[in-house]
**Q** 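The structure under discussion is supplied below as structure tokens; questions concerning it will follow.
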Amino acid sequence: MAEQNSLRPYGEKQEAFDKRYLEMALIWAENSYCIRRKVGALIVKGKMIISDGYNGTPAGFENVCEDENNVTKPYVLHAEANAITKVAKSNNSSEDATLYVTTSPCMECAKLIIQSGIKRVVYCCRYRITDGLDLLKRACVELVYIDSEKDIYEQQ
């Protein structure tokens with residue numbers, strides 16, 4: 001048992017919290033009207049959810065994310081951007097928070113994550129383009145990849 005914990009730097013309690021919050025982000029993703037990919041995000045600080053988001057169009061726009069050719073419309077917001085802008089409008093601070101997101105962040109969202117002071121990103125689906133993860137690593141944002149089906153809990 002001690003050997004398993006040495007591979008998992010946070011211990012079983014943090015791992016359990018990470019898995020639960022990520023499951024909640026997966027459920028939250030179902031709110032998205034996007035057809036091609038539904039993404040959910042939660043920002044957690046001190047074991048309290050301070051913001052949430054899912055990918056979709058800006059407030060007041062029609063809830064249609066793809067055009068007639070099934071291409072995502074350029075103004076669709078990513079789940080991370082929605083969660084970060086939502087917390088920015090509140091009295092909460094994302095400084096030193098953890099972002100739980102169902103798909104690894106793109107470059108644009110990685111920049112927002114860094115600027116918002118988020119220190120940890122936990123995700124479960126690796127997007128084919130990794131430049132966002134590369135930027136987060138460069139900024140010393142802690143990354144955790146979870147694959148519950150294969151029992152993978154990997155600090156990157």
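Throughout, residue positions are numbered sequentially from 1 according to the sequence presented.
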**Q** Heavy-atom count around Glu149 CD within 6.0 Å, excluding the residue itself: above 12?
**A**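 No, not enclosed.
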**Q** Go through the side-chain N and O atoms of Glu23 and Tyr100 and say whether any donor and acceptor fall under 3.5 Å apart.
**A**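 No, no side-chain donor-acceptor contact under 3.5 Å.
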**Q** How long is the straight-line distance from CG of Leu135 back to SG of Cys109, given to the nearest 0.5 Å?
**A**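 If I round to the nearest 0.5 Å, the distance is 11.5 Å.
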**Q** Applying the 4.5 Å side-chain criterion to the ILVMFWY set and letting contacts propagate, would Val87 and Leu77 be lumped into a single cluster?
**A**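 In one cluster: no.
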**Q** If you take all heavy atoms of Ile50 and Ser94, which pair is closest and at what distance?
**A**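 Heavy-atom minimum between the residues: CD1-CA, 4.1 Å.
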**Q** What's the shortest heavy-atom distance between Val39 and Ala79, and which atoms?
**A**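 Smallest heavy-atom distance, with atoms named: O-CB, 3.4 Å.
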**Q** Quick check on Asn91: does its CG atom have over 12 non-hydrogen neighbours (other residues, nucleotides or ligands) under 6.0 Å away?
**A**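 No - once you tally the heavy atoms of other residues, nucleotides and ligands closer than 6.0 Å, there are 12 at most.
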**Q** Once rounded to the nearest 0.5 Å, what's the spacing between atom CG of Leu26 and atom OG1 of Thr103?
**A**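 Atom-to-atom, Leu26:CG and Thr103:OG1 are 8.5 Å apart.
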**Q** Identify the heavy atoms of Gly53 and Trp28 that sit nearest to each other, and give their distance.
**A**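 Gly53 and Trp28 have their closest heavy atoms at O-CD1, 3.3 Å.
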**Q** Just jot down the disulfide bond (SG atoms under 2.5 Å apart) partners of Cys34, sequence neighbours excluded, or say none.
**A**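 Result, disulfide bond (SG atoms under 2.5 Å apart) vs Cys34: Cys65.
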**Q** So Val64 and Tyr33, do their side chains get closer than 4.5 Å, heavy atoms only?
**A**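 Tyr33 vs Val64: side chains apart.
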**Q** Under the 3.5 angstrom rule, does the side chain of Asp131 hit a backbone N or O of Cys106 as a donor-acceptor pair?
**A**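 No, because the side chain of Asp131 does not come within donor-acceptor range (under 3.5 Å) of the backbone of Cys106.
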**Q** Shortest non-hydrogen contact from Ala29 to Gly40?
**A**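 Closest approach of Ala29 to Gly40: CB-N, 3.3 Å.
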**Q** Going by heavy atoms in the side chains, are Glu108 and His78 under 4.5 Å from each other?
**A**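 Counting from C-beta outward, Glu108 and His78 never come under 4.5 Å.
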**Q** Are the side chain of Thr85 and the backbone N or O of Asn82 linked by a donor-acceptor pair below 3.5 Å?
**A**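 Side chain of Thr85 to backbone of Asn82: a pair is present.
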**Q** Applying side-chain contact (heavy atoms from CB on, under 4.5 Å), name anything that partners Ile146, two or more places apart in sequence or on another chain.
**A**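 Partners of Ile146 under the side-chain contact (heavy atoms from CB on, under 4.5 Å) test: Asp18, Lys19, Leu22, Val122, Val144, Ser148, Tyr153.
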**Q** In Å, rounded to the nearest 0.5 Å, how long is the span from NZ of Lys45 to CG of Asp96?
**A**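 Answer rounded to 0.5 Å: 6.5 Å.
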**Q** Hey, what do you get for NZ (Lys89) to CD1 (Ile84), rounding to the nearest 0.5 Å?
**A**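 So the gap between those two atoms works out to 14.5 Å.
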**Q** Between Pro105 and Val121, is there a side-chain heavy-atom distance shorter than 4.5 Å?
**A**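 Counting from C-beta outward, Val121 and Pro105 do come under 4.5 Å.
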**Q** Return yes if some donor-acceptor pair links the side-chain N/O of Tyr21 with the main-chain N/O of Lys47 below 3.5 Å, else return no.
**A**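 The answer is yes, because a donor-acceptor pair under 3.5 Å joins these two groups.
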**Q** Before giving the answer on salt bridge (Lys or Arg N to Asp or Glu O under 4.0 Å), spell out for Lys111 and Glu80 the whole-Å C-alpha distance, their side-chain angles and the decisive distance to 0.1 Å.
**A** CA-CA 11 Å; Lys111 291 189 268 186; Glu80 306 96 313; over 6 Å; no
**Q** Which atoms form the tightest heavy-atom contact between Ser116 and Ile113, and what is the distance?
**A**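 Closest approach of Ser116 to Ile113: OG-O, 2.9 Å.
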**Q** CG of Asp134 to CE of Met107: how many Å apart, nearest 0.5 Å?
**A**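 Going from CG on Asp134 over to CE on Met107, the span is 7.5 Å.
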**Q** Run Arg36 and Thr72 through side chain to side chain contact (heavy atoms under 4.5 Å, CB included) and show every step you take.
**A** CA-CA 8 Å; Arg36 292 179 59 217; Thr72 301; 2.9 Å; yes
**Q** Using a strict cut-off of less than 4.0 Å between a Lys/Arg side-chain nitrogen and an Asp/Glu carboxylate oxygen, indicate whether Asp52 and Lys86 qualify as a salt bridge.
**A**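 So Asp52 pairs with Lys86 through a salt bridge.
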**Q** Listed by chain and number, what are the salt bridge (Lys or Arg N to Asp or Glu O under 4.0 Å) partners of Arg126, not counting sequence neighbours?
**A**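 Partners of Arg126 by the salt bridge (Lys or Arg N to Asp or Glu O under 4.0 Å) criterion, ordered by chain and then number, come out as Glu154.
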**Q** Do Val71 and Ile35 share a hydrophobic cluster (ILVMFWY, side-chain heavy atoms under 4.5 Å, transitive)?
**A**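 In one cluster: no.
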**Q** I'd like to check Thr98 versus Ile43 (side-chain heavy atoms, cut-off strictly below 4.5 Å). Are they in contact?
**A**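 When only atoms from C-beta onward are counted, Ile43 and Thr98 do not touch, as no gap falls below 4.5 Å.
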**Q** Rounded to the nearest 0.5 Å, what separates atom OG in Ser104 from atom OH in Tyr127?
**A**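 One finds 9.0 Å between OG of Ser104 and OH of Tyr127.
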**Q** Please check: side-chain N/O of Lys38 versus main-chain N/O of Ser32, any donor-acceptor pairing under 3.5 Å?
**A**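 Checked: pair present.
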**Q** Between Tyr123 and Thr102, does a side chain to side chain contact (heavy atoms under 4.5 Å, CB included) hold up when you go through it step by step?
**A** CA-CA 5 Å; Tyr123 66 97; Thr102 58; over 6 Å; no
**Q** Which pair of non-hydrogen atoms, one from Asn70 and one from Glu66, has the smallest distance, and what is that distance?
**A**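 Shortest heavy-atom separation between Asn70 and Glu66 comes out as OD1-CG, 3.7 Å.
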**Q** Quick one, Lys137 and Leu143 - any side-chain contact, counting heavy atoms below 4.5 Å?
**A**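 Of all side-chain heavy-atom pairs linking Leu143 with Lys137, at least one is under 4.5 Å.
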